[in-house]
J.: 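Please see the structure below; I have some questions.
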Amino acid sequence: VLTLRGHAERLSSASFAPDGTQVITASWDYTAKIWDTAFGECLQTLEGHDALVEFSAFSPEGTEVVTASVDRTACIFEAAFGECVQTLCGHEGGIHSAAFSPDSLQVVTASD
């Protein structure tokens with residue numbers, strides 16, 4: 001059992017990478033974090049949202065992650081580098097969840 005410490009506010013979601021070696025957490029501190037499951041070390045802090053991050057998840061290959069925020073955006077990040085490669089806009093309300101398609105070519109989001 002590991003305790004992952006590093007977020008400044010409460011968590012809103014947590015999920016494993018497909019291979020189980022990493023976990024991603026979403027937080028009210030406007031960030032998501034990628035953690036090593038063997039040692040509990042924070043590998044990446046994903047920044048780019050202007051409000052709390054409701055949800056985060058890995059792509060099926062584990063190479064990208066998507067974050068969903070009440071700032072009405074979703075961001076796709078490179079998991080290895082923590083770099084935002086695309087910001088998805090267009091919702092009129094906060095985004096509460098997101099998921100990659102099985103081939104990782106599409107992302108679906110859900111909002112108010």
Side-chain angles (χ1 to χ4, degrees):
V1 174
L2 289 174
T3 301
L4 306 175
R5 298 185 196 279
H7 281 289
E9 297 287 339
R10 70 178 68 184
L11 297 182
S12 48
S13 76
S15 60
F16 280 98
D19 66 4
T21 63
Q22 297 175 345
V23 166
I24 186 165
T25 55
S27 173
W28 286 28
D29 66 6
Y30 301 9
T31 71
K33 291 183 181 284
I34 299 174
W35 307 86
D36 173 80
T37 56
F39 302 104
E41 175 187 0
C42 179
L43 303 173
Q44 300 291 341
T45 298
L46 310 178
E47 299 176 317
H49 287 290
D50 296 326
L52 69 94
V53 181
E54 286 257 32
F55 185 81
S56 57
F58 281 92
S59 65
E61 294 86 13
T63 57
E64 295 179 310
V65 297
V66 63
T67 58
S69 173
V70 298
D71 70 2
R72 300 183 312 239
T73 67
C75 295
I76 299 171
F77 291 87
E78 296 252 352
F81 305 107
E83 179 182 340
C84 179
V85 295
Q86 187 170 8
T87 300
L88 308 175
C89 304
H91 283 280
E92 294 180 8
I95 302 176
H96 304 292
S97 70
F100 283 93
S101 61
D103 62 5
S104 296
L105 297 178
Q106 298 177 355
V107 171
V108 63
T109 58
S111 71
D112 295 333

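For reference, positions follow the sequence shown, starting with 1. Since we're looking at a predicted model, the values are computed, not measured.
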J.: Sequence neighbours left out, what passes side-chain hydrogen bond (donor to acceptor under 3.5 Å, both in side chains) with Ser56? Give chain and number order.
T.: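 Counting only residues at least two positions away or on another chain, Ser56 forms no side-chain hydrogen bond (donor to acceptor under 3.5 Å, both in side chains).
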J.: State which residues pass side-chain contact (heavy atoms from CB on, under 4.5 Å) with Ala51; sequence neighbours excluded, sorted by chain then number.
T.: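 Testing Ala51 for side-chain contact (heavy atoms from CB on, under 4.5 Å), a comparison that skips the adjacent residues, returns Ser69, Val70, Asp71.
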J.: Holding to side-chain hydrogen bond (donor to acceptor under 3.5 Å, both in side chains), I want the full list of residues that pass it with Thr63, two or more places apart in sequence or in another chain.
T.: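 Checked Thr63 against side-chain hydrogen bond (donor to acceptor under 3.5 Å, both in side chains); zero matches.
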J.: Measure across Ser111 and Gly93 and return the closest heavy-atom pair with its distance rounded to 0.1 Å.
T.: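 Minimum heavy-atom separation between Ser111 and Gly93: CB-O, 3.8 Å.
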J.: Roughly how far, to the nearest 0.5 Å, is the CZ atom of Arg72 from the NE2 atom of His49?
T.: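 With rounding to 0.5 Å, NE2 (His49) is 13.0 Å from CZ (Arg72).
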J.: Suppose we screen for side-chain hydrogen bond (donor to acceptor under 3.5 Å, both in side chains). Which residues come up paired with Ser101, at least two apart in sequence or across chains?
T.: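 Counting only residues at least two positions away or on another chain, Ser101 forms a side-chain hydrogen bond (donor to acceptor under 3.5 Å, both in side chains) with Asp103.
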J.: How long is the gap from CH2 on Trp28 to OG on Ser12, to the nearest 0.5 Å?
T.: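 Rounded to the nearest 0.5 Å, the CH2-OG separation comes to 8.5 Å.
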J.: Closest approach of Ala32 and Thr67, non-hydrogen atoms and distance?
T.: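 Here Ala32 and Thr67 meet closest at CB-CG2, 3.8 Å.
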J.: Are the side chains of Glu9 and Leu52 in touch, meaning some heavy atoms are under 4.5 Å apart?
T.: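 Contact flag for Glu9/Leu52 side chains = no.
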J.: Show every donor-acceptor pair shorter than 3.5 Å between a side-chain atom in residues 74-89 and any protein atom, with sequence neighbours excluded, or say none if there are none.
T.:
none

J.: Using the rule given for side chain to side chain contact (heavy atoms under 4.5 Å, CB included), can you reason through His96 versus Asp112, listing the C-alpha separation, both sets of side-chain angles and the distance that settles it, and then say yes or no?
T.: CA-CA 8 Å; His96 304 292; Asp112 295 333; 2.4 Å; yes
J.: With rounding to the nearest 0.5 angstrom, report the CZ to CD distance, Phe58 to Glu64.
T.: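 If I round to the nearest 0.5 Å, the distance is 11.5 Å.
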J.: Determine the minimum heavy-atom distance between Leu2 and Asp36, stating which atoms define it.
T.: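 Heavy atoms of Leu2 and Asp36 come nearest at CD1-O, 4.3 Å.
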J.: Can you tell me how far CZ of Arg10 sits from OG of Ser27, rounded to the nearest 0.5 angstrom?
T.: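 Answer for the OG-CZ pair, Ser27 versus Arg10, is 9.5 Å.
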J.: For Pro60 and Ser104, which heavy atoms make the closest approach, and how far apart are they?
T.: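 Closest heavy-atom pair between Pro60 and Ser104: CD-OG, 2.9 Å.
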J.: For the residue pair Ile95 and Glu54, establish whether any side-chain heavy-atom pair is separated by less than 4.5 Å.
T.: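 Side-chain contact under 4.5 Å: no.
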J.: How many angstroms lie between atom CD of Glu61 and atom CG of Asp19, to the nearest 0.5 angstrom?
T.: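 Going from CD on Glu61 over to CG on Asp19, the span is 11.5 Å.
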J.: Under the rule for side-chain hydrogen bond (donor to acceptor under 3.5 Å, both in side chains), what residues qualify as partners of Thr109, not counting sequence neighbours?
T.: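 Per chain and number, Thr109 pairs via side-chain hydrogen bond (donor to acceptor under 3.5 Å, both in side chains) with His91.
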J.: If I take atom OG1 from residue Thr37 and atom CG from residue Leu4, how far apart are they, to the nearest 0.5 angstrom?
T.: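 Atom-to-atom, Thr37:OG1 and Leu4:CG are 9.5 Å apart.
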J.: Is there a path of hydrophobic side-chain contacts, each under 4.5 Å between heavy atoms of I/L/V/M/F/W/Y residues, joining Phe55 to Leu11?
T.: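 Looking at the clustering, Phe55 is in a separate group from Leu11.
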